[in-house]
Amino acid sequence: MRVLILGGTTEASEIARALAGEARFAPVLSLAGRTQAPVEPPIPWRVGGFGGAEGLAAYLRDERISALIDATHPFAARMKANAAQAAALADVPRVAVLRPAWQRQDGDRWTEVADMARAFAALGPERRRVFLAIGRQELAAFGPPHAYLIRSVDRPDPVPPDATVITARGPFTLDAERALLVTHRIEVLVTKNAGGAATMAKLAAARGLGLPVVMVARPAPPEPPVVGDAAGALAWLAHQACQRGV
Ligand code: NAP
């Protein structure tokens with residue numbers, strides 16, 4: 001059974017690892033190409049956009065894909081919408097993986113905002129030392145008067161003014177996150193509500209240090225069916241295979 005996994009996430013890598021040794025499935029992992037040197041997947045993979053929902057539908061038909069697992073990031077709203085539309089167009093069963101959002105805990109000082117422009121506004125008019133843990137695609141929303149620490153897998157180009165860049169790939173530990181916040185004398189953290197364990201330690205570090213967090217809320221969730229993790233997607237796939245007698 002040919003399975004397309006839309007990836008770029010921990011869950012997609014987990015699904016790929018699980019399917020690597022499964023003779024019933026012929027999986028292919030798709031990456032957008034945002035990361036310059038992705039970790040080598042254990043299954044066949046391809047890189048780059050499909051050309052919208054219609055391009056993806058054509059790919060599903062041409063490659064005779066019989067199940068689509070959309071394991072893209074919770075903030076990859078365009079791809080998630082395209083996946084749902086393409087699956088309908090090509091009449092291919094699809095499931096979306098959406099990990100639970102992070103929830104506020106006692107001691108958290110979160111300001112929740114709807115988008116990056118509002119995240120910048122929430123920093124206020126006074127110059128602050130800001131840890132921007134949002135990747136590199138939406139840095140343009142941030143500017144003076146603040147000083148930024150930017151962490152991303154690859155170096156942003158251009159580097160925004162008044163910014164220090166560190167390149168790193170998660171997961172990150174609580175000790176390392178606390179040390180980073182202290183060393184750079186961070187006063188406020190900006191992050192997307194990505195959810196998941198790999199990048200959660202920064203929230204606990206901020207809580208421990210009493211630092212405020214500007215939390216960018218998620219876009220609208222994908223169309224059902226939706227599962228919460230890789231195991232859910234694998235169970236869905238096993239069910240699809242059963243129905244086809246694979
Ligand atoms: P997006 O805005 O929803 O998608 C933009 C376009 O990128 C899509 O229309 C599609 O191009 C292409 N694309 C996205 N994911 C793809 C995939 N897995 N395979 C092939 N093409 C893909 O997506 P994004 O937020 O830029 O995210 C891009 C990638 O980074 C995704 O794989 C996502 O899982 C990963 N990622 C995103 C974030 C985040 O915060 N957004 C964080 C971590 C990882 P076409 O229309 O031409 O098909």
Side-chain angles (χ1 to χ4, degrees), residues 3-16 19 27-39 41 43-63 65 67-90 92 94-99 101-102 113-116 119 132-142 150-154 156 167-172 189-200 202 214-223 226-227 229-230 233:
V3 183
L4 177 64
I5 307 158
L6 301 175
T9 57
T10 314
E11 290 85 353
S13 304
E14 208 178 321
I15 295 164
L19 295 186
V28 56
L29 176 67
S30 175
L31 301 175
R34 301 281 188 276
T35 307
Q36 281 160 15
V39 176
I43 58 170
W45 53 298
R46 61 166 303 286
V47 179
F50 296 94
E54 264 132 43
L56 177 54
Y59 180 95
L60 295 173
R61 287 191 206 102
D62 294 349
E63 296 292 323
I65 301 293
L68 173 61
I69 299 179
D70 169 11
T72 53
H73 192 269
F75 279 76
R78 185 136 56 98
M79 191 70 237
K80 282 196 143 39
N82 286 355
Q85 204 186 328
L89 286 171
V92 169
R94 154 223 159 257
V95 71
V97 182
L98 188 69
R99 62 176 87 127
W102 291 320
V113 296
D115 54 36
M116 290 299 163
L132 267 188
I134 59 163
R136 359 175 245 169
Q137 289 190 67
E138 291 159 288
L139 295 173
F142 297 87
I150 294 168
R151 178 171 68 195
S152 50
V153 174
D154 296 310
T167 55
R169 212 190 284 259
F172 304 102
L189 162 69
V190 179
T191 182
K192 298 174 181 179
N193 196 334
T199 57
M200 193 169 62
K202 61 183 177 242
V214 178
M215 181 65 73
V216 180
R218 291 179 167 196
E223 283 175 32
V226 177
V227 294
D229 56 17

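Quick note: residue numbers are just sequence positions, from 1. Whatever order the structure lists them in is the order used to number ligands and atoms, beginning at 1.
Closest protein heavy atom to atom 44 (C) of ligand 1: Gly8 O, 3.2 Å. Among protein heavy atoms, the minimum distance from atom 17 (C) of ligand 1 is reached at Ala32 N, 3.5 Å. Atom 2 (O) of ligand 1 has Arg78 CB, 4.0 Å as its closest protein atom, hydrogens excluded (heavy atom only). Protein heavy atom closest to atom 48 (O) of ligand 1, with residue, atom name and distance, is Phe50 N, 2.7 Å.
Panel note: side chain Asn193, backbone Ala217; no donor-acceptor pair is recorded below 3.5 Å. No donor-acceptor pair under 3.5 Å is formed between the side chain of Arg136 and the backbone N or O of Val153. Side chain of Arg151 to backbone of Ala133: no donor-acceptor contact under 3.5 angstrom is found. Under the 3.5 Å distance criterion, the side-chain polar atoms of Thr35 are left unmatched by any main-chain donor or acceptor of Ala37. Counting only distance, with no hydrogens or angles, the side chain of Ser30 and the backbone of Ile5 share no donor-acceptor pair below 3.5 Å. The backbone N or O of Gly196 sits less than 3.5 Å from a side-chain atom of Trp102, completing a donor-acceptor pair.
A heavy-atom separation below 4.0 Å is not found between Leu56 and ligand 1.
Counting only non-hydrogen atoms, the option in Ser30, Ala194, Ala77, Ala76 that gets closest to atom 23 (O) of ligand 1 is Ala76. Across the listed options Met79, Arg136, Arg34, Arg34 owns the non-hydrogen atom lying nearest to atom 5 (C) of ligand 1. Of the candidates Ala53, Ala12, Gly49, Gly52, the one placing a heavy atom closest to atom 46 (O) of ligand 1 is Gly52. Comparing heavy-atom distances from atom 43 (C) of ligand 1 across Lys192, Lys80, His73 singles out His73 as nearest.
Remark: ligand 1 atoms within the under-4.0 Å shell around heavy atoms of Thr72 are 18 (N), 34 (O). Atoms of ligand 1 found under 4.0 Å from any heavy atom of Gly51 (numbered from 1 in listed order, with element): 45 (P), 47 (O), 48 (O). Less than 4.0 angstrom separates some heavy atom of Gly48 from each of these atoms of ligand 1: 20 (C), 21 (N). Annotation for ligand 1: atoms under 4.0 Å from non-hydrogen atoms of Asn82 are 9 (O), 46 (O).
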Show your working on salt bridge (Lys or Arg N to Asp or Glu O under 4.0 Å) between Lys192 and Glu138 and close with a plain yes or no.
CA-CA 11 Å; Lys192 298 174 181 179; Glu138 291 159 288; 3.0 Å; yes
Worked check of side chain to side chain contact (heavy atoms under 4.5 Å, CB included) between Leu68 and Leu6:
CA-CA 8 Å; Leu68 173 61; Leu6 301 175; 3.9 Å; yes
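Here Glu63 pairs with Arg2 under the salt bridge (Lys or Arg N to Asp or Glu O under 4.0 Å) rule; sequence neighbours left out.
Here Leu31 has backbone heavy atoms under 4.0 Å from ligand 1, and that is the only part of it that gets that close. The residue Ala71 has no part lying near ligand 1, judged by heavy-atom distances below 4.0 Å.
The cationic group of Arg169 does not satisfy the cation-pi geometry with Phe172, failing either the under 6.0 Å distance to the six-membered ring centre or the 45° limit from the ring axis.
Considering backbone and side-chain atoms alike, Gly7 places an N or O below 3.5 Å from some N or O of ligand 1. Below 3.5 Å of separation, one finds an N or O of Gln137 facing an N or O of ligand 1.
When all heavy atoms of Phe75 and Arg218 are compared, the closest pair comes out as CZ-CA, 3.6 Å.
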